[in-house]
Amino acid sequence: MTTSVLEPAVAVAPARRRRRPRRGAVASTVLLWVYAVAALAPLIIMALGSLRTEQDLATKPLGIPTHPAFENYAKAWSEGGFSSYFVNSIIVTVGAVVLGTGVAVLAAYPLARYRFRGQGLLTAYFLAGLMLPIRLGIVPVFYLLNSIGLIDSRIGLICVYAASGVPFAIFVLTAFFRGLPNELEEAARIDGAGELRIFAQIMVPMVRPALTTVALFQFIPLWNDFFFPLVLMEDDKYTLPVGLTRFVAEFEAAHAQLYAGLVITTIPLVLLFLLATKQIVAGLTAGMTK
Amino acid sequence: MTSTTEPVEVAGPGGGSTRRRGRRRWPLLLVFLLPALALYTVFIVYPLVSALQYSFFDWTGTRQNGFAGLANFRDLFTKYPLSEQVWRALAHNCVFFIGTMLIQTTGGLLLATLLHRSRRGKRFLQTAYVLPHLVSPIVAGYLWSLMLNPQFGAINAALRGVGLGSLAQPWRGDPHLALPVAIVINAWQWVGFPMLLFAAALAGIPEEYHEAARVDGASAWKSFWQVTFPLLTPVLGIVTVLTFIGNFNILDLIYALQGSKGNPAYSTDVLGLLFYRTAFENPDANAIGQSSALAVCMFILIFGISAAANRFFRRMEARLK
């Protein structure tokens, strides 16, 4: 089967392809759409489940909500504690993305465009972080935050998260800074602009697309992260993923509310993805195209 | 590793112009570099180095006693129940990695290849495949727990609905099924990622190559294996290394599906969970020493094997050129 499926790629001449619609092409299309349904089905079940009543879910595991039960969301939000988890997630994730991207853009600029001693070494030092399994440092991180009074603190978690995003941000941003032309910078220098001004008013605006990519790519894993807040935070400071585990431990049988909680956790990312599909796809495949 | 860390598309002309100004720029450099350097060193590098140091000491609770040499490492492999758990978790990680590679990489390559030549709905299909990748592993774990519930779950209900009720299973409760089920769920989440990487690589292969193969009389099958596939080797290398790293770091999905002990009966326990339990749910007074030793072993395993794999794939790539 696979042979015939692969055929159309080789038959580039359009006339040849049009003569007989190949069975392979049909099979390939069917397979692609069937898998798309399989990939989306769990997410659809999640969305539908969040709008069904507890009773309805128990009697008919598969079904469509006839009267959308929005009260699941209301209950999960107030009684289930998702309102505070949501706010914590927003504060921590946005704070970390802003801090991490901010310090990274500052550092990436001289690493890419200046020449100084130790430059190569410093770049390698930052980029090594791309490969470090940072979760393995959790015990020392715990005692470090404890000793500086930042345990169970959103600021502490923001610092750890921001630091974890620095290597990737520097990796992407140095590449962009290197690609910028010299002319504007030189013109500004002749006009007497200082280095900081050249950086802030000329260079940073030119790497704005890269900044979006970097910010998005820090946002997603941080929003989804579970391990660090599990260890570093306490009850009312939990972010959504850890909040979910607590909700499940407390309200084991509240399936409809759990569905609502899952949707609350997922919706911001889906919105973000639909708004920025292009950047996300480009970022995931960064460095792949030559 | 370098293939992912070295920006490929830019040849940097920048910077040369500032060389002349040398020396006086140190304060300026500090302003630029210090914040990132401090944040990264304090919260990432220092803890990892500390973990290494912790692993060579004996601990009572949070008090550091004397230098212990390799005693903590010896405990990992000789002291019950750790000695039993370490090997079991490692074996599960290996099964997890192999299973994921088989399903996810093959699936990703198949989807990318088919998608590459389909014309309609490409964008929608791609989005559909990638969406599960965005979902938090914790969300995926709970969502699938709900769906796999033996009584109220959608999966068994669907099986009964199409007359396959005999296939309905206690998916998460059977020790033989629990790990394969987790692997499939993980692959559902991740398959979009290799798909995107393969798609990007396929788009970069000039159409003339296939044309030439066709003119030479190669079948489509042969053309794929002898023209397309070798050109995908670097991507395959990256996918393998990233899958390896991802699998040996796995924790969230299993935690949501089976709790911190990898139920049922530790049948889904993995190194990530074991590390968490050794550090934070360990009755032994020397929890810090033991968990740090485990962290060091995991670090060497993850870093060492991915570095070796990377070298291997580079060599293979060079040979195929």
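The chains referred to below are lettered A, B, ... by the order of the sequence lines, with proteins before strands, and numbering in each begins at 1. All values below were derived from every heavy atom in this structure, side-chain atoms included, with hydrogens, water molecules and symmetry-related copies excluded.
- Looking at heavy atoms from C-beta onward, A/Phe226 lies out of side-chain contact with B/Leu253 at the 4.5 angstrom threshold.
- B/Leu115 touches chain A through backbone and side chain together, each having a heavy atom under 4.5 Å away.
- Side chains of B/Leu110 and A/Leu31 form a contact here, defined as non-hydrogen atoms less than 4.5 Å apart.
- Of all the listed residues (A/Val37, A/Val231, A/Leu269), the one sharing the greatest number of non-hydrogen pairs under 4.5 Å with chain B is A/Val231.
- Looking only at heavy-atom pairs under 4.5 Å with chain B, the residue among A/Tyr35, A/Trp223, A/Phe199 that has the most is A/Tyr35.
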Criterion side-chain contact (heavy atoms from CB on, under 4.5 Å) on B/Tyr40 and A/Val103, from CA distance to verdict: CA-CA 10 Å; B/Tyr40 172 65; A/Val103 300; over 6 Å; no
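- Contacts of A/Leu122 with chain B are made by side-chain atoms alone, with heavy-atom separations under 4.5 Å and no backbone atom involved.
- Applying the side chain to side chain donor-acceptor pair (under 3.5 Å) test to pairs two or more places apart or on separate chains, those with a residue in residues 125-137 of chain A are A/Tyr125-B/Thr41, A/Arg135-B/Asp252.
- Counting heavy-atom pairs under 4.5 Å between each of B/Leu37, B/Val42, B/Ile155 and chain A puts B/Leu37 at the top.
- Using a 4.5 Å cut-off between heavy atoms, B/Ala256 makes no contact with chain A at all.
- Only the backbone of B/Gln151 comes within contact range of chain A, with heavy atoms under 4.5 Å apart.
- Contact count against chain A (heavy-atom pairs under 4.5 Å) is highest for B/Leu39 among B/Thr228, B/Leu294, B/Leu39, B/Val227.
- Side-chain atoms of B/Phe152 and A/Leu57, non-hydrogen and from C-beta on, never get closer than 4.5 Å to each other.
- For A/Pro167, the part lying near chain B is the side chain, with the backbone staying farther off; criterion is any non-hydrogen pair under 4.5 Å.
- Closest of all the heavy-atom pairs between B/Trp188 and A/Ala39 is NE1-O, 3.0 Å.
- Among A/Ile138, A/Val270, A/Leu240, A/Thr265, the residue with the largest count of heavy-atom pairs under 4.5 Å with chain B is A/Ile138.
- Scanning both residues, A/Pro241 and B/Ile138, for their nearest heavy atoms gives O-CG2, 3.6 Å.
- For the atom pair CG of A/Leu40 and OG1 of B/Thr127, the computed distance is 9.0 Å after rounding to the nearest 0.5 Å.
- Contact of B/Tyr142 with chain A is made through backbone and side chain together, with heavy-atom distances under 4.5 Å.
- No donor-acceptor pair under 3.5 Å is formed between the side chain of A/Asn224 and the backbone N or O of B/Pro137.
- The shortest distance between side-chain heavy atoms of B/Ile245 and A/Pro133 does not fall below 4.5 Å.
- Only the side chain of B/Asn149 comes within contact range of chain A, with heavy atoms under 4.5 Å apart.
- Note: A/Met131 CE to B/Phe299 CZ = 9.0 Å, rounded to the nearest 0.5 Å.
- Of the listed residues A/Leu244, A/Leu62, A/Leu262, the one with more heavy-atom pairs under 4.5 angstrom with chain B than any other is A/Leu262.
- A/Val141 places none of its side-chain heavy atoms less than 4.5 Å from the side chain of B/Phe43.
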Name each donor-acceptor pair under 3.5 Å that joins a side chain in residues 28-35 of chain B to protein atoms two or more places apart or in another chain, with its distance.
none

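- Taking both residues in full, the closest heavy atoms of B/Tyr46 and A/Leu144 are given as CE2-CD1, 4.0 Å, listed atom of the first, atom of the second, then distance.
- When heavy atoms are compared at a cutoff of 4.5 Å, B/Ser118 approaches chain A solely by way of its side chain, counted from C-beta outward.
- Contact tally against chain B (heavy-atom pairs below 4.5 Å) for A/Gly137, A/Cys159, A/Gly261, A/Gly49: the top residue is A/Cys159.
- Contact annotation for B/Phe248: neither backbone nor side-chain heavy atoms come within less than 4.5 Å of a heavy atom of chain A.
- With chain B as partner, the option from A/Thr29, A/Leu230, A/Thr266 having the largest number of non-hydrogen pairs under 4.5 angstrom is A/Leu230.
- Residue A/Thr245 touches chain B through both its backbone and its side chain, counting heavy-atom pairs closer than 4.5 Å.
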Residue pair A/Phe227, B/Tyr276: steps toward the side-chain contact (heavy atoms from CB on, under 4.5 Å) verdict: CA-CA 9 Å; A/Phe227 191 60; B/Tyr276 172 74; 3.7 Å; yes
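- Across all their heavy atoms, B/Pro47 and A/Pro140 have their closest contact at O-CG, 3.2 Å.
- Considering only heavy atoms from C-beta on, A/Ser28 stays 4.5 Å or farther from B/Arg117 through its side chain.
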Audit row: A/Met46, B/Val135, side-chain contact (heavy atoms from CB on, under 4.5 Å) steps and yes/no: CA-CA 12 Å; A/Met46 173 171 90; B/Val135 174; 5.6 Å; no
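- With a threshold of 4.5 angstrom between heavy atoms, A/Ala124 does not approach chain B through any atom at all.
- Counting heavy atoms of neighbouring residues, nucleotides and ligands inside a 6.0 Å radius, atom OH of A/Tyr143 exceeds 12 of them.
- With a 4.5 Å cut-off on non-hydrogen atoms, B/Val191 touches chain A through its side chain but not through its backbone.
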Check against side-chain contact (heavy atoms from CB on, under 4.5 Å), B/Leu146 and A/Ile45: CA-CA 10 Å; B/Leu146 286 166; A/Ile45 288 175; over 6 Å; no
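- One finds the CG atom of B/Asn249 at 9.5 Å from the CD1 atom of A/Ile134 (value rounded to the nearest 0.5 Å).
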